[in-house]
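Before any comments, here is the structure.
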Protein chains: 2
Amino acid sequence: MMLTIGKLGREVGVKVPTIRYYENICLLPEAERSAGNQRLYPKTALDRLAFIRHARELGFPLGAIRDLLSLADRPDQSCAAVDSIARGQLEATRARLRNLRGLEAELERMLDQCACGTVSDCRVIEALGKQPHVLLHAME
Amino acid sequence: MMLTIGKLGREVGVKVPTIRYYENICLLPEAERSAGNQRLYPKTALDRLAFIRHARELGFPLGAIRDLLSLADRPDQSCAAVDSIARGQLEATRARLRNLRGLEAELERMLDQCACGTVSDCRVIEALGKQPHVLLHAME
DNA sequence: CTAATCTCTCTAGTGACTAGAGGTTCAAGG
DNA sequence: CCTTGAACCTCTAGTCACTAGAGAGATTAG
């Protein structure tokens with residue numbers, strides 16, 4: 001009927017300390033306790049934790065997930081706020097992609113030019129010493 | 001002849017506390033000091049800091065940059081080690097790209113399906129509750 | 001009953017900075 | 001020479017999302 005923290009973590013694929021951490025920062029409600037003070041979770045905890053896990057995998061920061069969860073708890077409201085969080089995440093993802101594509105190109109260029117001799121004529125070292133070709137604002 | 005920390009930072013585009021941080025973790029050598037205990041840098045510090053900055057922009061972690069710098073200081077050795085660090089970085093970049101492309105696709109799919117009604121029939125919330133389509137190992 | 005496995009709390013560490021407090025030094029203008 | 005304001009100093013703590021480890025108690029299988 002009730003799940004221990006280890007079982008919950010195994011089912012959902014989240015490590016035990018991470019679940020405790022989520023409880024600490026109030027992303028998960030405080031669990032009930034057994035007679036011996038161990039956490040016991042109802043089946044519904046599976047869904048909530050899976051939701052968090054999936055959102056994390058999509059790159060949502062915990063703050064955004066907190067917002068999404070509290071929206072999900074009010075099913076009668078408009079989902080415009082949900083959409084806007086997701087759209088923000090999509091935008092952030094695209095920005096990171098643009099960034100990384102630039103990096104990939106520059107790294108490829110650097111490595112292509114390297115004749116692999118001694119460090120003194122290494123193109124990689126030389127390229128790193130020069131002003132960057134790619135200007136980035138957020139590395140993340 | 002010598003540069004203050006502020007001037008150095010402005011020239012290279014690195015914030016002053018970041019330079020001090022780099023000195024703290026021994027990525028930069030300890031700077032000389034003025035009579036009044038302020039850091040003074042020779043012109044060569046411009047190159048070294050620019051190197052660090054550029055490598056950071058390419059996503060190299062500071063540990064890798066430390067290795068690159070110590071390699072760069074031994075110009076007679078083979079640059080194979082340099083190459084392998086750079087190749088590792090290229091691989092990491094490509095892995096992140098694959099990851100992010102998957103995320104982008106899933107976020108797009110989620111948003112496309114959203115009819116934007118109430119939260120109770122929101123596809124985004126629903127999609128997040130389901131098992132993930134994309135399995136990721138490292139989010140970074 | 002015992003041994004193995006889980007679980008508990010708590011603290012501290014990761015990476016790469018950033019922010020802030022509270023104080024000192026420097027360069028320019030009057 | 002004096003003052004003002006910017007730039008500098010050190011140090012601590014905070015960020016994010018965990019992860020690792022210590023040392024102790026709980027539970028379960030044989």
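Just so we're on the same page: letters track the sequence lines, and every chain starts at 1.
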What integer distance in Å separates [X]:[atom1] from [N]:[atom2]?
X       : N      : atom1 : atom2 : answer
A:Ile25 : D:dC16 : CD1   : C1'   : 9 Å
B:Ile19 : D:dA7  : CD1   : C1'   : 13 Å
A:Leu28 : D:dC18 : CG    : C1'   : 14 Å
A:Asn24 : D:dC18 : CG    : P     : 13 Å
A:Lys7  : D:dT27 : NZ    : P     : 18 Å
A:Glu23 : D:dC18 : CD    : P     : 15 Å

Please list every donor-acceptor pair under 3.5 Å in which a side-chain atom of residues 22-33 of chain A meets a protein atom from a residue at least two apart or in another chain.
{"unit_1": "A:Glu23", "atom_1": "OE1", "unit_2": "A:Arg39", "atom_2": "NE", "d": "3.0"}
{"unit_1": "A:Arg33", "atom_1": "NH1", "unit_2": "A:Asn37", "atom_2": "O", "d": "2.9"}
{"unit_1": "A:Arg33", "atom_1": "NH1", "unit_2": "A:Asn37", "atom_2": "OD1", "d": "3.3"}

Please tell me if A:Thr4 has a side-chain N or O lying less than 4.0 Å from either OP1 or OP2 of C:dT7.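 Result: yes.
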Which part of the nucleic acid, if any, lies within contact of B:Ile5, taking any heavy atom under 4.0 Å across all strands shown: a base, the sugar-phosphate backbone alone, or nothing?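 B:Ile5: backbone/sugar contact only, no base atoms under 4.0 Å.
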Are B:Leu111 and A:Phe60 linked, directly or through intermediate hydrophobic residues, by side-chain heavy-atom contacts shorter than 4.5 Å (ILVMFWY only)?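 Both belong to a single hydrophobic cluster.
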Taking the side chain as every heavy atom from C-beta outward, state whether [X] and [Y] have any pair of such atoms under 4.5 Å apart.
X        : Y        : result
A:Asp73  : A:Arg48  : yes
B:Leu46  : B:Tyr41  : no
A:Arg87  : B:Leu107 : no
B:Glu106 : A:His54  : yes

With a 4.0 Å cut-off on N to O distance, would you call B:Glu108 and A:Arg94 a salt bridge?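 Salt bridge present between B:Glu108 and A:Arg94.
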Assess whether side-chain contact (heavy atoms from CB on, under 4.5 Å) is satisfied between A:Ile52 and A:Leu69, documenting all intermediate values. CA-CA 8 Å; A:Ile52 295 173; A:Leu69 281 170; 4.0 Å; yes
Can you give one letter per nucleotide of nucleotides 10-23 of chain C, going 5' to 3': B for a protein heavy atom under 4.0 Å from the base, S for sugar-phosphate only, - for none? ------BBS-----
Taking DNA chain C as the partner, which of residues 32-42 of chain B come within under 4.0 angstrom of it by heavy atom?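 Those residues whose heavy atoms fall under 4.0 Å from DNA chain C, taken from residues 32-42 of chain B in numerical order, are B:Ser34, B:Gly36, B:Gln38.
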Verdict with supporting geometry, B:Leu71 and B:Ile85, side-chain contact (heavy atoms from CB on, under 4.5 Å): CA-CA 11 Å; B:Leu71 288 165; B:Ile85 293 172; 4.0 Å; yes
